[in-house]
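Structure first, then comments.
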Amino acid sequence: MSPHESRVALVTGASQGIGRATALRLAAAGAHVALAARNLEKLAEVEAEISAAGGSAKTFALDVASEESIKACVKTVLAHFGRVEILVNNAGITRDILALRMKRHDWDDVLTTNLTGAFLLSQACMQSMLKARWGRMINITSVVGETGQAGQANYAASKAGLIGLTKSLARELAGRNITVNAVAPGMIETAMTAVLTDEQKAAMAAQIPMGRAGTDAEIAAAVAFLASEDAAYITGHTLDVNGGMYMG
Ligand SMILES: NC(=O)c1ccc[n+]([C@@H]2O[C@H](COP(=O)([O-])OP(=O)(O)OC[C@H]3O[C@@H](n4cnc5c(N)ncnc54)[C@H](OP(=O)(O)O)[C@@H]3O)[C@@H](O)[C@H]2O)c1
């Protein structure tokens, strides 16, 4: 039996990057994957890619910055698949600028999308996991949530907040056979980091003992492990996947 055979997984931000790679990985391991994000065209491409490989996936519209959208999305996923057993809170944005010049909306947008969205989705999927007496929540945080980063006060606060959310939900849900963990990527080659200048990339690579950026597939592998039966006794943990950039 494949590690995620017949589990239903909801992956936010599945239209590209780490979310897409995670959806592909979970589907390849036998999960039915609900692909959620705003860009329906890109989601449809991921859905087609999974179907072509013999997997099961369906596209759902989701804006994690909107509580109504979150509720509607989870309702539609439950109507289609009947349950959500694995939730991957991956959707995230950056609005980088030094704190002195950071506008209130730069702060609010990042916290609403990266942290409040993850909390509301966890809440919306909890009932289904409680009913199943089995669940896996995996929050994609970041190395900067552990170290801080100049120019990223909003982003680092949202990612540090996700670690606190992970530990608190882990304590609340441990007795119900639901684990809650975080994955903290270092520098990963995706659209999010493509905007960095070569100078910024080289400065970051110099801080990575392995001397290279990571791939979205390497993050997806860590998520798939935490979502599997093999990780049944791991909860409240933040798994660093960063090439040694930070050793907590
Ligand atoms: N790349 C890195 O180096 C790195 C390092 C540490 C942590 N991370 C974290 O990993 C996660 C994925 O990042 P990535 O590198 O794959 O970034 P990405 O390529 O920019 O993808 C971000 C994803 O989030 C989705 N998203 C953004 N706002 C959304 C919203 N309001 N509602 C629904 N979906 C939304 C986007 O989909 P739509 O635009 O279609 O909605 C997209 O699929 C993020 O949480 C990021 O903070 C990345």
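No hydrogens, no waters, no symmetry mates; every other heavy atom, side chains included, goes into these values. Both counts, for ligands and for their atoms, begin at 1 and track the order of listing.
- Looking only at side-chain heavy atoms (C-beta outward), N90 and T22 stay at 4.5 Å or farther from each other.
- Counting heavy atoms of neighbouring residues, nucleotides and ligands inside a 6.0 Å radius, atom NZ of K201 exceeds 12 of them.
- Relative to the ring axis of W134, R7 places its NZ or CZ within 45° and under 6.0 Å from the centre.
- With contacts defined as side-chain heavy-atom distances shorter than 4.5 Å, the pair I93/N114 qualifies.
- Residues meeting the salt bridge (charged side-chain N to carboxylate O under 4.0 Å, His left out) test with D108, sequence neighbours left out: R104.
- Within a 6.0 Å sphere centred on CD of Q200, heavy atoms belonging to other residues, nucleotides or ligands number more than 12.
- Protein residues lining ligand 1, listed by chain and number: G13, S15, Q16, G17, I18, A37, R38, N39, L62, D63, V64, A65, N90, A91, G92, I93, T113, I140, T141, S142, Y155, K159, P185, G186, M187, I188, T190, A191, M192, T193 [non-hydrogen atoms, distance under 4.0 Å].
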